[in-house]
Every structure is written in C-alpha cells, then in structure tokens.
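Proteins come first, then strands; the chains are lettered A, B, ... in the order of their sequence lines, and each starts at number 1.
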Number of protein chains: 2
Amino acid sequence: MSDTGDPRQSLGLLCFYPHRALESRLLGELAAAGFDDITMAQGRIAARIGPAGTRLTDLAAQALVTKQTAGHLVDQLERAGYVRRVPDPTDARARLVQVAERGQEVVAVARRVEAEVEAEWTAYLGEEATAALRAALERLREITDPYR
Amino acid sequence: MSDTGDPRQSLGLLCFYPHRALESRLLGELAAAGFDDITMAQGRIAARIGPAGTRLTDLAAQALVTKQTAGHLVDQLERAGYVRRVPDPTDARARLVQVAERGQEVVAVARRVEAEVEAEWTAYLGEEATAALRAALERLREITDPYR
DNA sequence: CCATTTTCGTCAGATCCTCTGACCATCGTC
DNA sequence: GACGATGGTCAGAGGATCTGACGAAAATGG
C-alpha cells in the first residue's frame, strides 16, 4: 500500500489497469449499442456461460462469488431477457443457464469490442511483446486462478 | 463474453486473475495479522495515499471512484484509526489524508505480502519472463490508466 | 435398498459499495 | 471584486456481496 505511482508498482496492481480499462470500455460500448441495462457484475457472470449452458454453481465458482450472488445476477439477466434457465437433463436438481437470443447480440458486440481493444494494445506494444505478455499471463493464471 | 476457458481469453480477462489473487491474498494475510476490519475497497483507497498525504479528490481519481465514495471509505478508515485528515496548508478548502500510526503497521504487512507474492510469481515464471511481463504492463498502463 | 452425506439451488436478511444530485466554501482569474 | 472552477460534504437510492438456513435430488456405502 501507499505507493502512488513511481517506485515500482506491484505486478498485481499493474494488472488492474488493463482489466479495468477493458471492462469500462465494454460497458460503454454496450450501452452505446443500446444495451444500457447491463452492469459489470452481470457481465462477469454472463461472460462465463458456455455454449451449451452452464450451471449456476460453476458460474459462481469461476466468477469467484457465492452461488447466492450468482443466482441474484442471473435473475436480473433472465428478467432482462439476456439468459434463460433450462432444466439440466442429467441432474434434476440443477438447471443450465443459457445465453438467450438477446444475449447473443450482446455477445457479438462484446467480442467485437474485445477484438478492437486487443488490436489497439497490440499496436501499442508490438506483436512480439503482446505475445509475450499473453504467454506470461496465461502461465500466471495457472497459479492465480483457483478455479481451473 | 462467453468464452469459458479454452479458446484464447482476452488479455483484459487474463489480467483479472493475478490482480484478484493478490487482493484476496492481501486481505487474508492482513486479517491473519489482526487487521480483520479492512475491506478491499478501503485498501484500494488507502494504497494510494502518498508519503505526505493525498487529497481526497486525487485518491478518488486514482482509484476511479467518485469523491463521495472515496470520502465514505476514508471516513471508515479514519474511524478505524488507519488514516487521519489534516488541513492542507496550501489550500483552505482541501484536506490531506495521511496514513496514521496504525495504518503504518498495515502498510508494512502489505508490503511484505506484496513482495512475497511477487517472489512466488517470479519463481514460477522465471526472472526474464517476469521482467518482460512487468515492462509490458507498465507500458500498457500508459494507455489504460486514465489518471496518469 | 435404505441411510447418510454431498451437491444444487433458493429464500431471507444484513452489510458494504457506489452512484446521482444538491449544496457550500474557497481558489484563481480577469 | 464577480465568476467559473475546484475541494469536500450531506442525503438518498440502487447494486453487489456475504452468512445462515433450508428443501430437493444425487451419490455413496453398507
């Protein structure tokens, strides 16, 4: 704590800026595209829904929140028409959260924005440095992502 | 959105894991050291207090929250004895938020934990890759940190 | 097969975080 | 000095997140 800007910020803190930048950029462009009722928390959950749907418990684990929180956010996303809950054919207790039609449109916009941002960063850092950055972050994820 | 784990996560998302890991590690070790009344939001503000004290407005800008939010968090930190507010000698409107005695102890623990984590990451990635990671992140900060 | 334990999800309630809007005091400038 | 900009606060509302308790279905193990 208490290092304002100069004398070597911690790697963890340095990771904050790009992540935050991407998130607010996403939120802004989604709002501009007409999806102005999405929040970051909802997005973090929605971003982890797999193609065939994902269980609430898994969403919660991946997003590092409790299942209650995840359930709350899915409620909102469902009410807004972005996702849908269907019974899990393999488990009568569980339900799969799936991306609904309206959600697909959001995914498309989000993917485009992500690609844009990535292109800008690559242009600024250079191909090589960007590749190294990605490699290091993917490696680092192995020990910092408690889920995978 | 909707990329679970495999096919190339965005750089922004990859940045999330280390940052989150450091934050929860910090929170956990601070709690273990007896400072169990600190929250992440408070820490994010406190981490940006400079040696001579920092204005509320600057703290808010650096942490990317409104000054009301920053003020709220500083209230809590002050009530808990971690920081103190003193008049800014150069501006009668402003007050400087300074780290108080109890806060210094927290800073010491936090620095130690940060160093530990950094050492672990360096051991895993290797000196060279870590240096490259840091360089890329610092460079990236130039275009993703709206404050500096 | 039944009993026990685990897992999936929900409900209820509380706390914390963050924002918008309105407002006042002071600074800087012309 | 008048006026716009800046530093901060007060008040209120909406989200996000957690802990705890619970019901229903699955998995496990005799």
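- At distances below 3.5 Å, at least one donor-acceptor pair connects side-chain atoms of A:Arg20 with backbone N or O atoms of B:Leu64.
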### Summary
Readout for nucleotides 19-24 of chain C: B = base within 4.0 Å of protein heavy atom, S = sugar-phosphate only, - = neither; 5' to 3' it is BBB---
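- A:Pro18 is not listed as a side-chain neighbour of B:Leu11, based on a closest heavy-atom distance of 4.5 Å or more.
- Under the 3.5 Å distance criterion, with hydrogens and angles disregarded, no donor-acceptor pair is assigned to the side chains of B:Tyr82 and B:Gln104.
- B:Thr69 places no side-chain N or O within donor-acceptor distance of the main-chain N or O of B:Val65, the cut-off being under 3.5 Å.
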### Trace of the side-chain contact (heavy atoms from CB on, under 4.5 Å) decision for B:Trp121 with B:Thr130
CA-CA 8 Å; B:Trp121 292 358; B:Thr130 305; 5.8 Å; no
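- Judged by the 6.0 Å and 45° rule, A:Arg141 forms no cation-pi pair with B:Tyr124.
- For A:Ala92 and B:Thr57, each mapped to the nucleotide of DNA chain D holding its nearest heavy atom, the one lying further toward the 5' end belongs to B:Thr57.
- Direction of the helix axis in the helix from C:dC1-D:dG30 to C:dC30-D:dG1 shifts by 40° between the two five-pair termini, rounded to 10°.
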### Query
Please walk me through it: do A:Phe16 and B:Glu23 pass side-chain contact (heavy atoms from CB on, under 4.5 Å)?
CA-CA 10 Å; A:Phe16 170 73; B:Glu23 261 190 349; 6.0 Å; no
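- For the pair A:Arg48 (side chain) and A:Arg44 (backbone), a donor-acceptor distance under 3.5 Å is present.
- Legend: residues meeting side chain to side chain donor-acceptor pair (under 3.5 Å) with B:Arg25, ordered by chain and number and at least two apart, are B:Glu29, B:Glu120.
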### Query
Could you go step by step and tell me if B:Gln9 and B:Tyr17 meet the side-chain hydrogen bond (donor to acceptor under 3.5 Å, both in side chains) rule?
CA-CA 12 Å; B:Gln9 294 200 333; B:Tyr17 304 106; 3.2 Å; yes
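- Atom pair A:Leu56:CG and C:dT7:C1' shows a separation of 13 Å (rounding to whole Å applied).
- Taking a heavy-atom distance under 4.0 Å as the criterion, the stretch of DNA chain D touched by chain B extends 5' to 3' from D:dA5 to D:dC10.
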### Evaluation steps, side-chain contact (heavy atoms from CB on, under 4.5 Å), between A:Arg102 and A:Leu77
CA-CA 10 Å; A:Arg102 185 156 183 236; A:Leu77 287 166; over 6 Å; no
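- Using a 4.0 Å cut-off, no side-chain N or O of A:Arg93 falls inside it from OP1 or OP2 of C:dT6.
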Without placing hydrogens or testing angles, list every side-chain donor-acceptor pair under 3.5 Å for residues 84-91 of chain A, not counting sequence neighbours.
residue, atom, partner, partner atom, Å
A:Arg84, NH1, A:Gln98, OE1, 2.9
A:Arg84, NH2, A:Glu101, OE2, 3.0
A:Arg85, NE, A:Glu78, OE1, 3.1
A:Arg85, NH2, A:Asp75, OD1, 2.2
A:Arg85, NH2, A:Glu78, OE1, 3.4
A:Asp88, OD1, A:Thr90, N, 2.8
A:Asp88, OD1, A:Thr90, OG1, 2.8
A:Asp88, OD2, A:Arg55, NE, 3.0
A:Asp88, OD2, A:Arg55, NH2, 3.1
A:Asp91, OD1, A:Arg93, N, 2.9
A:Asp91, OD1, A:Arg93, NE, 3.2
A:Asp91, OD2, A:Arg93, NH2, 2.9

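- A heavy-atom distance below 4.0 Å to DNA chain C is reached by these residues of residues 70-91 of chain B, ordered by number: B:His72, B:Leu73, B:Gln76, B:Asp91.
- Under a 4.0 Å N-O distance rule, the pair A:Glu118/A:Arg134 qualifies as a salt bridge.
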